[in-house]
Structures are given as C-alpha cells and as structure tokens.
Amino acid sequence: MLSTALVQPALAQSDLVTVVVTDEPKSLDPCDTDLSNNARILRNNVTETLVNLDPANGAVLPSLATEWRQIDDLTWEFKLREGVTFHDGSAFDAAAVVAALARATNQDLGCEVGLATLQGNTFTGEAVDATTLVIKTGTVEPILPNKLSALDIGAPVTPADAKTREPIGTGPYALKAWTAGQSVALQAFDGYWGDKPAIANANIVWRGESAVRAAMVDTGEAQIAFEIAPQDATSANDIAFPNAETSLLRIDQAIAPLDDKRVREALNMAIDRDGLIGTVFNEGATKAMQVVLPSVFGYNPDIPVWPYDPDRARALLDEARAAGVPVDTEIVLYGRISIYPNSAESMEAIQAMLLDVGFNARLEMMETTPWLEKLIGPFPAERQPSLLQTQIDNTEGDAVFTLPNRFTSGGNTSTLADPTVDDLIARASAATGDERQSLFQQAFANIAVEAINIVPLFHMVTIARVSPDLNYVPDVQAGNEIKLRSISYK
C-alpha cells in the first residue's frame with residue numbers, strides 16, 4: 001500500500017501539465033484569437049487554422065489546408081485535409097470554413113480577427129465540394145494564405161450570431177471546463193488527425209504577480225510560467241526569448257494638447273529608454289522606433305530612435321504653450337496590470353519622466369477588461385487626453401498584420417486619422433515585392449516621424465520558467481501559442 005501511494009503522484013503528474021499565465025482570457029470564441037491571451041489557449045490546441053506560419057522564417061505551412069493557389073487577383077483556391085473531425089464528431093469540410101469566415105467577418109458579432117487581421121476587405125467563401133474551398137476578395141490580397149493563419153475554425157454548431165464560451169475545434173485538445181476566475185482545463189482529443197499529445201491533460205491558470213508565477217514552478221504547482229520579471233529571473237530554469245512584441249504608448253492625438261505635434265515630440269524626448277533597460281525592462285530588450293521587429297517585411301531601417309533630451313522636451317512645451325496650446329491640461333496614462341512584467345513600475349517611471357519635463361500626467365492602472373474598453377473604439381467624443389500602455393506583436397512576418405487595424409482611419413484600435421497614412425497602407429496591402437516593402441516603409445516613417453502617433457519603447461524579450469523535468473522550448477510565437485502538443489516529460 002505504501003509503494004502504491006508513493007507512485008500515484010508521479011503518474012498523475014505525467015498525465016498533466018499546468019501552465020500559469022498573467023491573466024484570464026477575455027473570450028474562448030474561435031473568432032477572438034487576435035487577442036493573445038485568448039490565442040494562447042485556443043490556437044493549435046483547441047482550434048486550428050488552414051495554415052500555420054513557421055516561427056523561424058514566417059513561411060506558410062499546411063495545416064487544415066494541404067495546398068493552395070491563386071486563380072486570379074481576387075480568387076484563391078484551397079484544398080482541405082481529408083479525414084478531420086471536430087471534437088463533437090462532425091466533419092471538417094469546406095462548408096465549415098465558409099461558415100467560420102462569414103462569422104469572423106460579421107461586423108455585428110465584433111470578432112477580433114474581423115476587426116483586426118481581416119479588416120479592410122471583403123471575403124466570400126464558396127464550398128466547391130467537401131475538400132475544395134474558393135475565397136474571393138473585394139480587393140487584391142497578395143498574401144491571403146498568411147492572413148488565414150489568423151482564422152481559427154470552429155465547428156458548424158458554433159452560433160452564427162453570438163459568441164461562445166464553449167469552443168469546439170479540430171485541435172489536439174478539447175475544452176473540458178472553463179472555471180471563471182480560476183482555470184481552463186483541456187483534455188487530449190482521441191480523434192485528432194495529427195500526432196497525439198504526449199500529455200493527456202492541460203490546465204491553464206493565471207496569477208498577476210511574477211514572483212508568484214515563478215514560485216509555482218519551483219513548488220511543482222505549475223510546470224511552465226510565462227512573463228517572469230527580470231528581478232524574479234534567478235533560476236537556471238528561466239529561459240529568455242524574443243517574443244515578437246513591441247511595447248509602446250499610443251497617443252490619442254485627436255484631443256488637445258496631444259493634437260499638437262510639438263507636444264507629441266516632447267513626449268518622446270522625455271523618455272529615458274536607456275535608463276529603463278536592465279531595470280524595469282529586461283536587459284535583452286532593444287529600443288524601438290517602430291512597432292514591428294526588423295524581421296518583419298516592411299520594417300524601415302532608416303528611422304532613428306528618439307534621443308533622450310529633457311531640455312528639448314521642456315523647450316517644445318514652452319513653445320507650444322506660447323502658441324496657445326493648453327499644455328498644462330491633465331493627461332492620463334492608462335496602464336494595464338500585468339500586460340508585461342513590471343508593467344506598473346514602468347508606467348510609474350515614465351510618469352515621473354513626463355512630470356519632470358513639465359507634463360501634467362496622472363497614472364491609472366487598469367485590469368484587462370476596462371483597459372480593452374480604452375484600446376478598442378469607437379471612442380467617446382468627450383474624453384481626457386491620454387496615452388495608452390500597449391504592446392503590438394507580429395509573428396506573421398508582414399506589416400499588413402500590424403498597420404491597417406492600428407493606424408488607419410477605420411482601424412478599431414487607431415487614434416490616427418491621416419489620409420497620407422491611409423493611402424500608403426492601402427496601396428502597400430495590395431502591392432507585392434519591392435513596391436510593397438517601400439510603401440510600408442513610408443507608412444512606418446510617416447507614423448513615427450510625421451504624425452508621431454506613438455511613443456515607441458522596446459522590442460521585448462520574455463522570460464519563461466520551465467520545470468527541469470519538462471521538454472519545452474518557447475519560440476517567438478509563444479506570446480500567442482503555448483503549443484501544448486510539443487510538450488512532454490523527460
């Protein structure tokens with residue numbers, strides 16, 4: 001009896017992996033995976049997409065689609081994988097993809113993928129037969145397969161006119177339970193079409209404090225903990241990796257005094273980015289001038305990083321004040337609790353820097369739900385001038401996944417209305433090759449130097465603590481995908 005009691009915990013552990021993240025998902029609807037805390041649980045765990053992107057080079061890889069071709073400028077054909085079933089036993093086929101695409105682009109439903117990745121075009125799906133799908137677009141989409149890496153496919157029973165909390169996908173894990181405020185439990189799907197997971201059960205839990213997340217791995221309460229703060233990364237089990245995120249402050253430049261370019265320039269010159277690296281931000285973070293990494297197609301290498309020049313910032317504010325700009329108006333800094341390690345500490349430091357040069361800055365740290373209300377439009381006409389702490393990731397490798405939603409007049413998270421930027425992004429999105437790259441580079445330069453719609457901070461590095469008895473190496477996509485199927489015990 002004693003030997004049995006000693007063996008049981010080890011067997012139980014080998015059948016379960018627990019992952020601790022920073023916060024609870026907003027939604028587990030398949031069409032909401034443009035938000036990373038939702039995608040981490042769903043993407044390639046519960047739900048799957050037609051294609052995946054290689055984390056090493058962004059190449060498009062088969063998933064639920066096995067091959068594809070462009071028939072003409074506005075038409076693409078996809079061949080779908082045979083023998084795939086959803087967790088409820090229904091067949092995966094072209095009709096299911098047509099329904100998922102229509103649902104994701106239904107403006108009344110407000111799907112994140114429709115508001116972001118698929119924003120700005122029309123997509124019409126047609127099921128030619130069970131394994132042949134044709135998608136027609138309203139305007140040219142030269143990298144449509146890349147965009148479809150963001151479209152998670154739910155089962156046909158998914159409501160067409162309402163969000164669901166019970167996603168049914170084709171992935172290696174099925175949802176077992178979402179206990180609000182506590183955890184999400186997943187269980188391996190026996191009928192999965194691909195390689196089966198090595199670990200049958202997975203729990204995703206959330207804790208706001210970095211030190212708590214790290215300690216959970218040390219005590220065996222969890223096997224993986226994400227977003228470990230630099231001061232808590234004291235273990236040989238901590239792994240630092242680039243995560244494709246760029247941290248920044250979004251400027252609401254429609255509201256005075258932020259509608260004055262001198263004021264926005266002063267904001268950028270007031271920030272001591274060198275002083276933030278290695279203190280509240282990871283020492284591996286690099287200063288940013290635009291909101292994508294150099295590896296993203298369309299990145300502009302010729303935009304200089306803002307210098308730290310508090311004297312110049314003060315002079316710009318004085319100049320704007322003399323011209324009648326209400327520079328003494330209170331500006332609120334909206335921060336999000338646990339958006340990244342030391343998020344509150346970083347905002348406190350930035351607030352102090354802004355106060356030092358003469359800004360009237362107030363800090364308000366928010367939980368995820370009220371923060372999302374500040375992030376996503378439409379915005380009320382009567383509002384305070386503000387800066388919003390946020391991050392932008394791009395694991396897809398092309399600037400089209402970053403710019404339209406966040407920096408065009410119609411973007412649902414954009415505070416910029418600039419016809420020049422709109423035109424550059426629209427033309428770049430329909431172009432290919434050198435022309436596409438040049439237009440995107442011009443758009444990035446305009447946003448950063450002419451419009452100055454952002455206070456760029458850092459290209460980020462993430463630290464994960466991984467139990468020493470686990471086989472798991474996070475990659476650049478780990479901010480959006482935990483990839484539970486790749487995890488095993490040693």
Side-chain angles (χ1 to χ4, degrees), residues 14-17 19 28 30-31 33 38-68 78-101 113 129-133 145-158 166-176 184-204 223-224 395-396 470-478 480-490:
S14 67
D15 205 34
L16 171 68
V17 62
V19 180
L28 287 184
C31 76
T33 51
N38 302 337
R40 262 186 175 170
I41 296 174
L42 291 180
R43 177 73 50 79
N44 285 321
N45 293 325
V46 177
T47 53
E48 296 179 298
T49 55
L50 293 182
V51 300
N52 285 317
L53 299 179
D54 190 325
N57 56 22
V60 183
L61 304 173
S63 182
L64 293 177
T66 56
E67 55 184 286
W68 47 90
F78 294 82
K79 292 294 185 179
L80 305 184
R81 191 175 299 277
E82 298 182 26
V84 177
T85 59
F86 289 98
H87 300 150
D88 64 355
S90 59
F92 165 77
D93 56 19
V97 183
V98 170
L101 181 61
V113 67
D129 55 45
T131 60
T132 306
L133 168 73
N146 302 62
K147 283 197 168 186
L148 293 180
S149 68
L151 179 68
D152 288 67
I153 312 298
V157 296
T158 306
E166 299 178 349
I168 299 171
T170 59
Y173 287 88
L175 177 68
K176 185 176 181 181
V184 173
L186 307 179
Q187 188 172 44
F189 174 45
D190 289 339
Y192 183 58
W193 60 268
D195 295 335
K196 306 299 188 292
I199 303 174
N201 298 282
N203 282 343
I204 293 88
Q223 285 69 54
I224 303 172
T395 58
E396 297 88 354
L470 210 64
N471 293 307
Y472 175 66
V473 179
D475 60 31
V476 70
Q477 295 173 339
N480 291 323
E481 297 183 34
I482 298 177
K483 298 181 180 176
L484 293 168
R485 188 177 52 159
S486 70
I487 301 170
S488 63
Y489 283 97
K490 294 178 180 177

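Residue numbers start at 1 and run along the sequence shown. Atoms considered below: every heavy atom in the structure, side chains included; atoms not considered: hydrogens, waters and symmetry mates.
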Taking the side chain as everything from C-beta on, heavy atoms only, tell me whether E396 gets closer than 4.5 Å to S149. yes
Looking at A65 and F78, what are the two nearest heavy atoms and their distance? CB-CD2, 4.3 Å
Residues at least two apart in sequence or cross-chain that pass salt bridge (Lys or Arg N to Asp or Glu O under 4.0 Å) with D93, listed by chain then number, are none
Non-neighbouring partners of A99 that pass side chain to side chain contact (heavy atoms under 4.5 Å, CB included), sequence neighbours left out: none
Only counting residues at least two apart or in another chain, list the ones meeting side chain to side chain donor-acceptor pair (under 3.5 Å) with Y472. none
Between atom CG of L28 and atom CG of L42, what is the distance when rounded to the nearest 0.5 Å? 5.0 Å
K196: which residues meet the side chain to side chain donor-acceptor pair (under 3.5 Å) condition with it, sequence neighbours left out? none
I224 vs I487 side-chain heavy atoms within contact, under 4.5 Å: yes
Counting heavy atoms not belonging to N57, are there more than 12 under 6.0 Å from its CG? yes
Where is the tightest heavy-atom contact between S90 and P156, given as atom of each residue plus distance? OG-CD, 3.8 Å
Report yes if some heavy atom in the side chain of Y173 is under 4.5 Å from a heavy atom in the side chain of L484; otherwise report no. yes
By ring pair (Phe, Tyr, Trp, His ring centres under 6.0 Å) - contacts of Y192 (at least two apart): none
If the condition is side chain to side chain contact (heavy atoms under 4.5 Å, CB included), which residues does N203 pass it with, not counting sequence neighbours? L16, T18, A185
In chain order, what residues pass the side chain to side chain donor-acceptor pair (under 3.5 Å) check against T49, with sequence neighbours excluded? N52
Correct closest heavy-atom pair for L61 and L53 would be CD1-C, 4.4 Å
What pairs with V473 under side chain to side chain contact (heavy atoms under 4.5 Å, CB included), at least two apart in sequence or on another chain? none
Which residues pass the side chain to side chain donor-acceptor pair (under 3.5 Å) test with T132, sequence neighbours left out? K79, D129
The reported gap from CG in L175 to CD1 in I41 (rounded to nearest 0.5 angstrom) is 9.0 Å
Could you tell me which non-hydrogen atom of E82 sits nearest to which non-hydrogen atom of T131, and how far apart they are? CG-CG2, 3.7 Å
Nearest 0.5 angstrom please: S486 OG to N44 CG, how far? 10.5 Å
Nearest 0.5 Å, please: how far is OG in S63 from CD1 in I153? 9.5 Å
Check side chain to side chain contact (heavy atoms under 4.5 Å, CB included) between V84 and all other residues, then give those that pass, not counting sequence neighbours. L64, R81, F92, T170, W193
In the structure I gave you, are the side-chain heavy atoms of L80 and L50 within less than 4.5 Å of one another anywhere? yes
For residues 145-155, which residue pairs qualify under salt bridge (charged side-chain N to carboxylate O under 4.0 Å, His left out), counting only residues two or more places apart or in two chains? R43-D152, E141-K147
Determine whether a donor-acceptor pair (N or O, by modelled atom type, separation under 3.5 Å) exists between the side chain of H87 and the backbone of A155. no
Interatomic distance, CD1@I199 vs CG@D15, rounded to 0.5 Å, equals 8.5 Å
Compare every heavy atom of P197 with every heavy atom of A188, then report the nearest pair and how far apart it is. CB-CG, 4.2 Å
Check whether any side-chain N or O of N45 sits under 3.5 Å from a backbone N or O of R40 as a donor-acceptor pair, and report yes or no. yes
Please list all pairs meeting salt bridge (charged side-chain N to carboxylate O under 4.0 Å, His left out) that have one or both residues in residues 480-490, counting only residues at least two apart or in different chains. D475-K483
Is a donor on one side and an acceptor on the other found under 3.5 Å between the side chain of N201 and the backbone of Q187? no
Could you tell me if T33 and N38 have a donor-acceptor pair between their side chains, going purely by distance under 3.5 Å? no
How long is the straight-line distance from CH2 of W68 back to CG of L148, given to the nearest 0.5 Å? 10.0 Å
For G169 and T47, the nearest pair of non-hydrogen atoms, with its separation, is CA-CG2, 4.1 Å
